[in-house]
Amino acid sequence: MTRLSQYLLPTEKQAPADAEAISHKLMVRAGLIRQIGAGMWTWLPAGWRVHERVVQIIREEMDAIGGLEMLMPVLQPAELWRRTGRYEIEELFKLDDRKGSELVLALTHEEVVTTHVAQIVRSYRDLPLILYHVQVKERDEARPRAGVLRTREFIMEDSYSFDRDAEGLDERYGLHVGAYDRVMQRSGLRFYRVESDVGMMGGLGAHEYMAPCPAGENEVVLAEGYSANVEVASADPQPVALPPAPGTPETVGTPGISTCAEVAELLELPLGATLKSYAAVVGEESGDGRFVLVLLRGDHSVNEVKLDNALGARSRPARPEEVQAALGPPGFIGPVGAGGEVEILLDAGATLRAEGGGYVTGANRADEHLRGVVPGRDFPFREVDVRGVLAGDTIEGAAITIEPAIEVGNIFKLGTRYSEPLGARYLDESGVERPIWMGSYGIGPARIVAAAVEQFADEHGISWPKALAPFAVHLVALGKPGTPERDAAERLYETLTEGGLDVLYDDRDLAPGEKFADAELLGCPLRLTVGKRSLESGEVEVQVRRGRREAPGLSLAAEPSELVRAVDELWQSLP
RNA sequence: CGGGGAGUGGCGCAGUCUGGUAGCGCACCCGGCUGGGGGCCGGGCGGUCGCAGGUUCAAAUCCUGUCUCCCCGACCA
């Protein structure tokens, strides 16, 4: 029974003044969500229906790969998080109970699930396992934004796999790839599964599910047969013509000129013929930091995630006084004569096209640069791939594109990152104790909902994929209550509902324009209209929301079962 | 955390500079008309002007402090 006259669907003509993202504006306007604080949102009845449609799809696909649903608490002992070294995470909400015991609010559930498995699993016969739940996550985000796209409290489906060894983990990982692919497909989203950063915690492999849309906070790099998060993407740079190199580098005066762009302009060279020197200090977290000099083509820039991965440790840009001490005046540093204690990394984008020419670099002396510098001849280096890819780069000859996208899911090979500190071990066939190999996997239903809004909305409002729509059919009754056309609408509503269709029946006493506007704002896939015209023609009008296309009318005189079948058939045919 | 902006009825806003009756549109309630794209007429309800303190005969308006929210960036295990 879903009559709009008795439902809570607070639609708004105007979007909240401070909303920016399409999904933020439309989900509030359509009466799906309401805000109660920064990053804190309530799902109103119609919005919650959409959210739960996503969750239901996830459940079905997780169960299909043998996942076992359970439920773990959000409130957890701080001690567990100390053991895994995650207590210091800034996003972790920390609190005390009345006795002064330290607690945290979980931002994910590795600690708890691994602790249980450590207690329960003894033998190789107990493995493998896939455990999942759909539970609230709490994160003290630095900046919540864009409606439900980035909130401090949100619901996540998180799954954890437990295996005897790396091969088992690969298998469980593959099962999750299949399940998550199917979730995304069934939800009707456009999405990419991209390679992603494994992070500093030493994961063994990771992918993210990315839904392209303008409000996306991430960027995905795409080419034929290739997709990756821009944080880890690699591609071939556009070529640059280097000037011929003399036998040895020669000094050029560059008074007061320190940026690559200025140097290139002064010497009338392409920007890519200069070498940018990026000085960094790496490995401070594990004790002694060391100084490294990273060289890239002047038209390229450092991707710090890739750099950290190449170095195997976290790095930061060097401070000017550190640069001065290690090499020379900031703005004029370079690799030539840098001395043995400075490690020199050369980005692959600069080595690729270096044959037969020389670069311009800093001279490590104020107001001077060197031209005709040839990597290898004039300085030793280790080749790395640390540059951020750019639009126009190529992969196997094909140009890449870079698109903004929302991260709607991720999958991660954890290995023994959590099983070791939490003591999750088992005895193998020969009685040897071994650590359990884990994977973790997550989907944000709210982000799938928001991404669907972003991807398919038009100027009239939301246009749900049929799998996510709060209702299959939005039935609009026109005319005054008590009129014959209202009676006809009432009968149609009952017929369709009894036939098993999810129907939202707009029985309010409002002007037609308001009802149509609300229907298109809410975005159910099919809109049926019953008015005076329907009685005259004997047909119910049908509008397909996607594209606002008129579909052939349905005969009011048809048998109930025939009406239901016709509507259902049309619904099935929609995206 | 850095930069910018905003808190006035359910929503969107004006009023603040220059202190003196809190106002507009939409929504809502009542009555009537209308009835296929946010319709019309008339009558109403509803506001501690974010909060605290101060200045003043008098504060939405001036001063001090504070809280909250939004946007951009940084961050995002």
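Throughout, a chain's letter reflects where its sequence line sits, starting with A, and its residues are numbered from 1.
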**Student:** Sticking with atom C1', work out how far B/C24 lies from B/U8, rounded to a whole angstrom.
**Tutor:** 12 Å

**Student:** Report the distance from atom CZ of A/Arg145 to atom P of B/C75, rounded to the nearest whole Å.
**Tutor:** 15 Å

**Student:** Could you give the CG-to-P distance, from A/Leu521 to B/G37, as a whole number of Å?
**Tutor:** 18 Å

**Student:** Find out whether A/Gln543 and A/Thr529 are in side-chain contact, i.e. whether some heavy atom of one side chain is under 4.5 Å from a heavy atom of the other.
**Tutor:** no

**Student:** Identify all pairs in which a protein N or O lies below 3.5 Å from an N or O of nucleotides 41-44 of chain B, and state each distance.
**Tutor:**
none

**Student:** Round to the nearest Å and state the distance from A/Arg152 atom CZ to B/C75 atom C1'.
**Tutor:** 15 Å

**Student:** Among B/C72, B/C69, B/G37, which nucleotide has an atom closest to any side-chain atom of A/Arg143?
**Tutor:** B/C72

**Student:** Is there a salt bridge (charged side-chain N to carboxylate O under 4.0 Å, His left out) between A/Lys137 and A/Asp158 once you walk through the steps?
**Tutor:** CA-CA 10 Å; A/Lys137 303 286 173 282; A/Asp158 41 326; 3.1 Å; yes

**Student:** Working to the nearest 0.5 Å, report the span between OG of A/Ser161 and OH of A/Tyr132.
**Tutor:** 14.5 Å

**Student:** Indicate yes or no: at least one non-hydrogen side-chain atom of A/Asn218 is less than 4.5 angstrom from one of A/Val230.
**Tutor:** no

**Student:** Nearest to the side chain of A/Asp518, heavy atoms from C-beta on, is which of B/G37, B/G38, B/C69?
**Tutor:** B/G38

**Student:** Considering every strand shown, what is the Watson-Crick or G-U wobble mate of B/C1 when both distances are under 3.5 Å?
**Tutor:** B/G73

**Student:** Please examine the side chains of A/Thr84 and A/Arg417, heavy atoms only from C-beta on, and report whether any two atoms are closer than 4.5 Å.
**Tutor:** yes

**Student:** Report the nucleotide, chosen from B/G35, B/C26, B/C71, that has the shortest atom-to-atom distance to any side-chain atom of A/Asp509.
**Tutor:** B/G35

**Student:** Is A/Asn410 touching bases, backbone alone, or none of the nucleic acid, heavy atoms closer than 4.0 Å?
**Tutor:** nothing

**Student:** Taking the C1' atom of each, how far is B/G44 from B/G4, in whole Å?
**Tutor:** 42 Å

**Student:** Mind checking who B/U64 pairs with, Watson-Crick or G-U wobble, both distances under 3.5 Å?
**Tutor:** B/A52

**Student:** Please give, in whole Å, the distance from B/A74 C1' to A/Glu231 CD?
**Tutor:** 14 Å

**Student:** Picking from B/C70, B/G35, B/C72, which would you name as closest to the side chain of A/Ala38?
**Tutor:** B/C70

**Student:** Checking side-chain polar atoms at under 3.5 Å, does A/Glu153 have a donor or acceptor matched by the opposite partner on A/Thr151?
**Tutor:** no

**Student:** When all nucleic acid strands are considered with a 4.0 Å heavy-atom cut-off, which category describes A/Ala142: base, sugar-phosphate, or nothing?
**Tutor:** base

**Student:** Measure from NZ on A/Lys13 to P on B/C26 and round the result to the nearest Å.
**Tutor:** 8 Å

**Student:** Once you measure the plane-to-plane angle for A/His51 and A/Trp48, does it fall in the parallel (<30°), tilted (30-60°) or perpendicular (>60°) bin?
**Tutor:** parallel

**Student:** Assign each of A/Arg29 and A/Glu141 to its nearest nucleotide of RNA chain B by heavy atoms, then name whichever residue's nucleotide is nearer the 5' end.
**Tutor:** A/Arg29

**Student:** Could you measure between the two C1' atoms, the one in B/A59 and the one in B/U16, and give it in whole Å?
**Tutor:** 10 Å

**Student:** Under 4.0 angstrom, heavy atoms only, what part of the nucleic acid is A/Leu92 near: base, sugar-phosphate, or nothing?
**Tutor:** nothing

**Student:** For B/G42, which nucleotide in any strand shown is its Watson-Crick or wobble partner with both distances under 3.5 Å?
**Tutor:** B/C30

**Student:** Distances under 3.5 Å only, N/O to N/O: pair up the protein atoms with those of nucleotides 9-15 of chain B.
**Tutor:**
from, atom 1, to, atom 2, distance (Å)
B/G12, OP1, A/Ala17, N, 3.3
B/G12, O4', A/Gln14, OE1, 3.3
B/G12, O2', A/Gln14, NE2, 3.3

**Student:** Let me spell it out: for each of A/Glu91 and A/His24, pick the nucleotide of RNA chain B with the closest heavy atom. Which residue's pick is nearer the 5' end?
**Tutor:** A/His24

**Student:** May I ask you to decide if A/Arg508's main-chain N or O and A/Asp506's side chain share a donor-acceptor pair within less than 3.5 Å?
**Tutor:** yes

**Student:** So what does A/Glu90 hit on the nucleic acid, given a heavy-atom distance under 4.0 Å: a base, only sugar-phosphate, or nothing?
**Tutor:** nothing

**Student:** Regarding A/Ser534, tell me which of base, sugar-phosphate or nothing describes its non-hydrogen contacts under 4.0 Å with the strands shown.
**Tutor:** base

**Student:** Hey, does A/Ala146 reach any base, or is it just sugar-phosphate, or nothing, if we go heavy atoms under 4.0 Å?
**Tutor:** sugar-phosphate

**Student:** Go through the side-chain N and O atoms of A/Glu403 and A/Tyr192 and say whether any donor and acceptor fall under 3.5 Å apart.
**Tutor:** yes

**Student:** If you check every side-chain atom of A/Gln35, which of B/C70, B/C71, B/A77 has the closest atom?
**Tutor:** B/C70

**Student:** Using both distances under 3.5 Å as the test, list the Watson-Crick or G-U wobble partner of B/U16, or none.
**Tutor:** none

**Student:** Decide, yes or no, whether a salt bridge links A/Glu12 with A/Arg34 under the criterion of side-chain N to carboxylate O below 4.0 Å.
**Tutor:** yes

**Student:** If the condition is ring-ring contact (aromatic ring centres under 6.0 Å, His included), which residues does A/His474 pass it with, not counting sequence neighbours?
**Tutor:** none

**Student:** To the nearest angstrom, how far is A/Glu520 atom CD from B/G37 atom P?
**Tutor:** 12 Å

**Student:** Counting side-chain heavy atoms from CB outward, which of B/A77, B/G39, B/G35 is closest to A/Ile89?
**Tutor:** B/A77

**Student:** Of all the nucleotides listed (B/C69, B/C71, B/G38), which has the minimum atom distance to the side chain of A/Glu20?
**Tutor:** B/C71

**Student:** In whole Å, what is the span from the CG atom of A/Leu478 to the P atom of B/G39?
**Tutor:** 15 Å

**Student:** Using a 4.5 Å cut-off on heavy atoms from C-beta on, say whether the side chain of A/Val503 contacts that of A/Leu492.
**Tutor:** no

**Student:** Taking atom C1' in both B/A22 and B/G15, compute the distance separating them and give it to the nearest angstrom.
**Tutor:** 8 Å

